[in-house]
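All values below come from the heavy atoms of this structure, side chains included, with hydrogens, waters and symmetry mates left out. Letters A, B, ... mirror the listed sequences (proteins, then strands); counts begin at 1.
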Amino acid sequence: MLYRENGQFKTSYADDQQIFPIAQDRWLIIGLLVFAFIGVPLLVDEYLFRAILIPFLILSLAALGVNILVGFCGQITLGAGAFMAVGAYAAYNFHIRVDGMPLLVSFLLGGLTSALVGIFFGIPSLRVRGLYLAVATLAAQFFTDWVFLRVPWFTDNASSGSVSVSNLHILSWEIASPLDKYLFCLALLTVFALAAKNMTRCAVGRQWMAIRDMDVAAEVIGIRPMFAKLSAFAVSSFYVGIAGALWGFIHLASWEPAAFSVDRSFQLLFMVIIGGLGSVMGSFFGAAFIVILPIALNQFLPALGGLFGMTISTAGISHAELIIFGALIIFFLIKEPHGIARLWSTGKEKLRLWPFPH
Amino acid sequence: MSREIGEVILDLKNVSLAFGGVKALTDISFDVREHEIRAIIGPNGAGKSSMLNVINGVYRPQQGEIVLRGRRFARMNPYKAAQAGISRTFQNIALFKGMSVIDNIMTGRNLKIRTNLLLQALWWGPARREELAHRAKVEEVIDFLEIQHIRKTPVGRLPYGLQKRVDLGRALAMEPSILLLDEPMAGMNVEEKQDMCRFILDVNDQFGTTIVLIEHDMGVVMDISDRVVVLDYGKKIGDGDPDAVRSNPEVVSAYLGAGH
């Protein structure tokens, strides 16, 4: 009954084109943000920050990037891990090679480098689509794996290809404790999520979606496929690159190319498929599902076993975790192929009419 | 009638198009005058849709040229055609299924967008103003086509007749000078056809848009068009005002078969 838009009249197109045209949604999001910035730091311990919240935030950003390309522009990619790696290593090189380079600037430059590489590997999309494009982007994955392992310059001649960063700070703010890291990631994610939402509701987003839905018609009304596709590759790779830099600098602090293997690419693709293709919100749902669920199962299963007087071995738990996780993915995809975001919006639509469904 | 038919603005000269060994169009020439409604008719497979595809550059003819307001195009492409003010609708509705009606029609404004990606990402001054200005224009189209009630519905959920109307709306949002309509009334019931006829005549009358139209419903074609081209097996077999075409023996035999 609370979720009603009665009496909320729009008197201008600006009102109607807000991100959250319904006041309750607006308040919910503002509340969530306030909670994330102020409430969470008061409630949560270090372990949760390190193991769940920071990975969740960073992978949400990466999933958002993948969603721009796969969900909004319809160009499938298996190279997300590669662009994370490019972002991380490029930011690393700017960080160590240029004296006094501010952290944020090296992140942005890392993202831009990743965008350029993304444009390069996006060129095949002008000719091929679907599975063939997926294979072409897979090339990016194997190429970067090889480059960062074999070309010592990129890793500052570290013998194992492993690099590390320390002493990160923005002006005088030292990003050392898990709380600092969490706030830093959260702030970046908020900014980038807002920018993504803006792009997808503006002309450029419509160009991407037009190319996704019907490329011939898009061309006929004056959308250049080359610009639309390559801009999607660029923006997507930029986001993924920034996420990669965060993953390396903030989450891992020292990493090797294996951190951005093809497994990561698949993981990100699954996130957007489960979360909801073509939905900014969906990227967060997907990341939450994939990051949090395995850990939750891990904690929950022994307790469940104990309830029935069984003790489950550690190996048993990790097996069961995979089985249940896989089953849930299949269940969601059968039940709602458009992902959790669609469930969410259908739920909201029903709630607006509840308790009278017609 | 308030509109006055003007000079020739689109002139097709000796266009031939073949797909491998199949000749879709053979040496076709005809012209379109400003502000007129020009119909292209013919039996199935006569090459009507191919003709439209040639005009807006989806297909490249092997021979012939297109003269648009005195500019010669040996090779047209869809982007150039759109810039030159040609827009079109599709026979099998080619809407963007995942987008709402508003967004679909907004894509028609694409060529008029001036701000760049960065401004749009920030929803910054000019980008925001531009977006709202285009929204106002799109609302005019929505009012014109009487689809206010479905403006936020995803087009995939709309019935066929309304989808056709949205398709027309997207083409109109470009503010075209020439509008190509590929079977705008196919598969519609009588009332929907009447509505569509009214919209086509209104577009022509109010905005002075030149219309090139493919249609199978002879009653409609003969009623609303100023001149008619008849194609059969990729060749032009008739051209003229509706009455002349109706009494052309070649046209009659193409439609009814030889020994009628």
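Interface remark: Ala173(B) contributes no atoms to any contact with chain A (heavy atom separation under 4.5 Å). Contact of Ala218(A) with chain B is made through backbone and side chain together, with heavy-atom distances under 4.5 Å. Of the two parts of Met99(B), the backbone and the side chain both hold a non-hydrogen atom closer than 4.5 Å to a non-hydrogen atom of chain A. Heavy atoms of Leu95(B) lying under 4.5 Å from chain A belong exclusively to its backbone. In this structure, chain B has a heavy atom under 4.5 Å from the side chain of Val235(A), while its backbone stays farther away. With a threshold of 4.5 angstrom between heavy atoms, Leu122(B) approaches chain A through N, CA, C or O but not through any side-chain atom.
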Under 3.5 Å, which donor-acceptor pairs link chain A and chain B? Put them in a table for me, please.
{"residue": "Asp16(A)", "atom": "OD1", "partner": "Lys152(B)", "partner atom": "NZ", "Å": "2.6"}
{"residue": "Asp16(A)", "atom": "OD2", "partner": "Arg135(B)", "partner atom": "NH1", "Å": "3.2"}
{"residue": "Asp16(A)", "atom": "OD2", "partner": "Arg135(B)", "partner atom": "NH2", "Å": "2.8"}
{"residue": "Asp16(A)", "atom": "OD2", "partner": "Lys152(B)", "partner atom": "NZ", "Å": "3.0"}
{"residue": "Asn198(A)", "atom": "ND2", "partner": "Ala121(B)", "partner atom": "O", "Å": "2.9"}
{"residue": "Ala203(A)", "atom": "N", "partner": "Gln120(B)", "partner atom": "OE1", "Å": "3.4"}
{"residue": "Val204(A)", "atom": "N", "partner": "Gln120(B)", "partner atom": "OE1", "Å": "2.9"}
{"residue": "Arg206(A)", "atom": "NH1", "partner": "Glu131(B)", "partner atom": "OE2", "Å": "2.8"}
{"residue": "Gln207(A)", "atom": "NE2", "partner": "Asn110(B)", "partner atom": "OD1", "Å": "2.6"}
{"residue": "Asp213(A)", "atom": "OD2", "partner": "Lys97(B)", "partner atom": "N", "Å": "3.4"}
{"residue": "Asp213(A)", "atom": "OD2", "partner": "Gly98(B)", "partner atom": "N", "Å": "2.9"}
{"residue": "Gly222(A)", "atom": "O", "partner": "Asn110(B)", "partner atom": "ND2", "Å": "3.1"}

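With respect to chain A, the highest number of heavy-atom pairs below 4.5 Å among Ala81(B), Gly108(B), Ala136(B) belongs to Ala136(B).
Once rounded to the nearest 0.5 Å, the distance linking CZ of Phe96(B) with CD1 of Ile221(A) reads 4.0 Å. Interatomic distance, SG of Cys202(A) versus CG of Leu119(B), reported as 9.5 Å (0.5 Å rounding).
Residues meeting the side-chain contact (heavy atoms from CB on, under 4.5 Å) test with Val117(A), sequence neighbours left out: Phe83(A), Val86(A), Phe121(A). Residues meeting the side-chain contact (heavy atoms from CB on, under 4.5 Å) test with Ala121(B), sequence neighbours left out: Ala195(A), Met199(A).
Among residues at least two apart or in separate chains, there is no side chain to side chain donor-acceptor pair (under 3.5 Å) pair with a member in residues 104-127 of chain A.
Residues Ala94(B) and Ala217(A) come closest through the heavy atom pair O-CB, 3.3 Å.
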